[in-house]
Amino acid sequence: MMKNQTWVTEFILLGFPLSPRMEALLFGLFSLFYTFTVLGNGLILGLICLYSRLHTPMYFFLAHLAIVDISYASNNVPKMVANLLSKKRTISFGPCIMQTFLYMAFAHTECLILMMMSYDRYVAICHPLQYSVIMSWTVCIVLAIASWACGSLLALVHVVLILRLPFCGPYEINHFFCEILSLLKLICADTRLNQIVIFAASVFILVGPLCLVLVSYTRILGAILKIQSGEGQRKAFSTCSSHLCVVGLFFGSAIVMYMAPKSRHPEEQQKILSLFYSLFNPMLNPLIYSLRNAEVKGALKRVLWK
């Protein structure tokens with residue numbers, strides 16, 4: 001029997017089918033990872049705010065990336081960790097929809113912020129004499145606001161398209177949070193429009209920015225190889241390689257998640273990939289930028305030695 005969505009009060013998050021001992025182990029492990037994520041990104045954010053040499057467009061966008069990563073992880077991980085030790089793994093309808101919206105908004109925004117960071121590196125290396133004019137603070141602020149606004153509006157479109165459709169019981173989401181593809185499986189109506197919009201958004205927000213990033217770095221590589229100074233080449237490679245690592249991790253997992261053909265166990269695949277870029281990516285980003293970026297390492301040493 002079809003039940004209208006207005007009667008839905010809560011969903012059940014099935015999460016991972018694990019033994020109690022394994023759930024307790026993952027509770028400790030994921031809690032530790034989440035702590036590292038918040039502390040690591042918080043440290044990057046603090047260094048950028050406190051250290052004047054990092055008050056540049058590149059680190060302005062890196063600060064936004066750190067904010068997105070903290071928010072992204074905080075939207076999904078605490079509920080997932082709490083459910084590992086709870087027998088009642090429910091989430092109310094309103095918080096579930098809000099979690100879906102925030103998850104999509106932060107994911108879209110991160111894609112656009114990473115694209116802005118690659119554009120910044122392209123201008124810095126390929127057009128150094130015009131850098132201060134092209135990447136003025138006004139331009140940086142406009143690009144950052146546009147990234148957040150575009151990411152939020154796209155997420156709002158997905159949520160509005162979901163809310164217009166009825167849900168069918170049992171209201172069990174085979175995921176550890178209210179992920180949009182898992183939520184669509186509970187809808188007892190035609191979801192082709194939703195699927196088309198998700199695919200179109202993926203092309204716009206994943207493939208488009210990734211192509212621009214690759215074009216930027218192709219041009220950057222050509223410019224780096226022309227640099228006469230070995231020290232200049234090392235510095236350019238250091239800042240660019242850290243960004244490329246982050247781009248590869250985030251875009252790779254997201255494209256497999258939303259655009260690659262589904263495996264025989266698509267739901268388990270979705271859970272693992274979601275875990276990767278909800279928890280592991282935000283945790284690894286500060287490590288990548290601190291270990292591979294000389295300026296961040298220098299700022300960290302100065303702060304620790306004071």
Side-chain angles (χ1 to χ4, degrees), residues 8-46 63-111 113 148 151-152 155-156 158-159 162 171-184 186 246 249-250 253-254 257 267-288:
V8 180
T9 58
E10 63 182 20
F11 296 102
I12 299 171
L13 296 170
L14 298 181
F16 295 98
L18 302 168
S19 66
R21 181 176 294 181
M22 182 59 70
E23 287 179 340
L25 176 63
L26 290 181
F27 172 83
L29 197 61
F30 290 165
S31 297
L32 189 62
F33 287 169
Y34 176 66
T35 302
F36 284 156
T37 298
V38 174
L39 292 178
N41 284 285
L43 179 62
I44 293 289
L45 193 59
H64 280 270
L65 183 65
I67 294 170
V68 171
D69 282 339
I70 292 172
S71 305
Y72 195 58
S74 298
N75 182 53
N76 302 338
V77 178
K79 182 65 176 176
M80 176 191 71
V81 169
N83 284 345
L84 286 171
L85 296 184
S86 174
K87 293 183 179 179
K88 187 182 179 182
R89 301 177 178 181
T90 58
I91 183 170
S92 300
F93 180 81
C96 181
I97 295 300
M98 180 57 69
Q99 191 180 55
T100 303
F101 168 75
L102 292 175
Y103 155 74
M104 298 300 293
F106 293 138
H108 292 154
T109 302
E110 179 150 355
C111 291
I113 291 293
W148 283 94
S152 299
L156 186 61
H158 290 302
V159 169
I162 287 176
Y171 304 118
E172 296 179 344
I173 300 175
N174 191 9
H175 216 291
F176 57 84
F177 74 103
C178 294
E179 196 273 329
I180 188 168
L181 295 179
S182 298
L183 202 58
L184 285 178
L186 304 184
V246 173
L249 286 170
F250 186 82
S253 57
M257 178 76 174
E267 292 171 339
E268 297 307 312
Q269 179 192 68
Q270 287 174 19
K271 291 179 192 178
I272 294 170
L273 287 171
S274 295
L275 187 64
F276 187 81
Y277 61 79
S278 294
L279 183 60
F280 298 136
N281 265 8
M283 181 184 68
L284 291 173
N285 285 355
L287 291 175
I288 292 170

Are [X] and [Y] packed together at the side-chain level, in the sense that at least one heavy-atom pair is separated by less than 4.5 angstrom?
X	Y	answer
F101	F106	no
L65	F250	no
V77	M283	no
N281	E110	no
N174	K271	yes
V81	Y34	no

How far does [atom1] of [X] sit from [atom2] of [Y], to the nearest 0.5 angstrom?
X	Y	atom1	atom2	value
H64	L45	NE2	CG	9.5 Å
I173	I12	CD1	CD1	9.5 Å
L32	L26	CG	CG	12.5 Å
F33	L279	CZ	CG	6.5 Å
L156	M104	CG	CE	12.0 Å
H158	H108	NE2	NE2	4.0 Å

Do other residues, nucleotides or ligands put more than 12 heavy atoms under 6.0 Å from F36 CZ? no
Quick check against the 3.5 Å criterion: does [X] have a side-chain atom that pairs as donor or acceptor with the backbone of [Y]?
X	Y	answer
N75	S71	no
S86	A82	no
N83	F176	no

Geometric class of the H175/F177 ring pair [parallel <30°, tilted 30-60°, perpendicular >60°]: perpendicular
Table please: side-chain donor-acceptor pairs of residues 16-23 below 3.5 Å, with sequence neighbours left out.
from	atom 1	to	atom 2	distance (Å)
S19	OG	M22	N	3.3
E23	OE1	R89	NH2	3.2
E23	OE2	R89	NH2	2.7

Pick one: which of D69, V68, N76 meets side chain to side chain contact (heavy atoms under 4.5 Å, CB included) with P282? D69
Test disulfide (SG to SG under 2.5 Å) applied to C178 - qualifying residues, sequence neighbours left out: C96
L84 versus F30, closest heavy-atom pair with distance: CD1-CD1, 3.9 Å
Could you pull out the closest heavy-atom pair between P286 and I44, with the gap in Å? CB-CG1, 3.9 Å
Let's go through L275 and F280 carefully: what are the C-alpha distance in whole Å and the side-chain angles of both, what is the deciding distance for side chain to side chain contact (heavy atoms under 4.5 Å, CB included) to 0.1 Å, and is it a yes or a no? CA-CA 7 Å; L275 187 64; F280 298 136; 4.3 Å; yes
